[in-house]
There are 2 protein chains.
Amino acid sequence: MPTAHPARSPRRRVPRNTLNPDRILDAAITLLDRDGAEAFTMRALAEELGVGTMAVYSHFRGKDEISDAVAQRLLTEIELPAARGGDPGDRIADIVRSLYRLFSEHPSALQLLTSRPMRGDERIVVTDQLLGLLRSAGLGRTEAVRGYLALLQYTVGAAVWTTKGRRRRACEEAVGGQAEAGLPTTRPERHPSLVDLAPEIAEVGDMGPVQFEHGLDCLLRGLLGG
Amino acid sequence: MPTAHPARSPRRRVPRNTLNPDRILDAAITLLDRDGAEAFTMRALAEELGVGTMAVYSHFRGKDEISDAVAQRLLTEIELPAARGGDPGDRIADIVRSLYRLFSEHPSALQLLTSRPMRGDERIVVTDQLLGLLRSAGLGRTEAVRGYLALLQYTVGAAVWTTKGRRRRACEEAVGGQAEAGLPTTRPERHPSLVDLAPEIAEVGDMGPVQFEHGLDCLLRGLLGG
DNA sequence: ACCTGAACACCGTTCAAGT
DNA sequence: ACCTGAACACCGTTCAAGT
């Protein structure tokens, strides 16, 4: 009496051809967004799909290949502003904003997107559009390339900050206690500015997108209005 | 005949009290900087120290506690500019630059420093000094807090970018082939700006600190010179 | 108190096997 | 071709034991 799964899920055997790359990627993104990067496991992925662990290996070479495909797919979801006219500065802000939104909506995918080469057509289109807009805003050739990099670096940094901050806050709430917006106890003599600005620090601490907008404004002013 | 380590290292038994928290943190940072974050393993750490895996647990509660302590220690290594006079803008740039340098010199520690609350006095001093300088540069209360955040976000993003780029480049070199500075093949009709600016892109691609400086200039101009 | 190995519950992946 | 479980080499950590 060879009972198949001694104490596992009630799954017996899945009908053929239920699995395909798209369904696997959907499940991977669900897993990533719902449970975080550390829960993105080949075994958990298979469980999510209601399938044996090794079934996934019929469609992808391994976890790395799935991660690459997820990054690719997420970049596809970005909606680029279609309007071809208007102020270059506004259009630049639109594109960068939608990048930030992508990172915010898929927090655990941020490291996927920053850690690997980002090949694929989607990223190239974003790059090309930004470079063209920076040029048409009057920047020189090298300035445009440097400006593009500065914009992306700021965006990634702001997204990392927001993402980690969110996790930090969740962690603190789970423990209990406000913990005054992540700032440890301070002594007025040694940290005068910190104590003086405490109310503003607490106020600003929460809102990710608003803060991103503010920094983006500053950066664009410095880039374009010099 | 109970032979101790069947095929392990020739270590037999270490004299007492050779281990202490400082030596463990030294080894952890060495491991992190030399072999990368994914090589930072409790077993590898013990090997580095010439000690059994579980010996470390006599000094730290677990891997998380070691990671926290490493982050703390790295923040201590930051050298804050001592000069108390001079242009606030220059002094702000100095502090942010030394933060960027810290991140660059300890690439694998970047996620350690961004993923956890960053408690401890060292971080607080940096924050307090930056806030004070932004205020004395003429910024309002909320502007100073937002400006501080923007600066840190940009710094983290630039460091992530540089770090990941370094790994990417090493990976590509190992495979062989220049791979034209990380940019995949492009078609001139679809990506005009990218093709047009190819030489500048290749030129800028390499230098991390120079690019950081440029973006920092822009951001500071937008922040202070508005 | 400090260090040890064995053992447990995980992980990605290889392999031989089923349909 | 597609899916399966067993097995292998890893991981962090618990535990009982040595000195």
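Naming convention: chains lettered A, B, ... in sequence-line order (proteins, then strands); numbering from 1 in each chain.
Listed pair B:H59 / C:dC3 meets the phosphate criterion, a side-chain N or O lying under 4.0 Å from OP1 or OP2.
In terms of heavy-atom proximity, B:S108 sits nearest to B:D33 at OG-N, 3.9 Å. Closest approach of A:L134 to A:G147, counting heavy atoms only: CD1-C, 4.0 Å. Heavy-atom minimum distance, B:A69 versus B:F60: CB-CE2, 4.0 Å.
Pair assignment for C:dG12 gives D:dC8, based on Watson-Crick or G-U wobble hydrogen-bonding distances that are each under 3.5 Å. Base-pair partner of D:dT19: C:dA1 (Watson-Crick or G-U wobble, both distances under 3.5 Å).
Atoms CG and NZ, from A:D68 and A:K63 in turn, are 12.5 Å apart once rounded to the nearest 0.5 Å.
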List, with names and distances, any nitrogen or oxygen atoms from the protein found under 3.5 Å away from nitrogen or oxygen atoms belonging to nucleotides 12-15 of chain C.
unit_1 : atom_1 : unit_2 : atom_2 : d
C:dG12 : OP1    : A:M42  : N      : 3.1
C:dG12 : OP1    : A:K63  : NZ     : 3.1
C:dG12 : OP2    : A:M42  : N      : 3.0
C:dG12 : N7     : A:R43  : NH1    : 2.5
C:dG12 : O6     : A:R43  : NH2    : 3.2
C:dT13 : OP2    : A:Y57  : OH     : 3.0
C:dT13 : OP2    : A:K63  : N      : 3.0

Practice prompt. Begin with the C-alpha distance, continue with both residues' side-chain angles, and end with the deciding distance and a verdict on side chain to side chain contact (heavy atoms under 4.5 Å, CB included) for B:L45 and B:T53.
Written response: CA-CA 8 Å; B:L45 181 58; B:T53 308; over 6 Å; no
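No side-chain donor-acceptor contact under 3.5 Å links A:R146 to the backbone of B:V204.
Rounded to an integer number of Å, the gap from A:F60 CZ to D:dC2 P is 13 Å. What separates CD of B:E38 from C1' of D:dC11 is a distance of 14 Å, to the nearest Å. The CD1 atom of B:I24 sits 11 Å away from the C1' atom of C:dC3 (whole-angstrom rounding).
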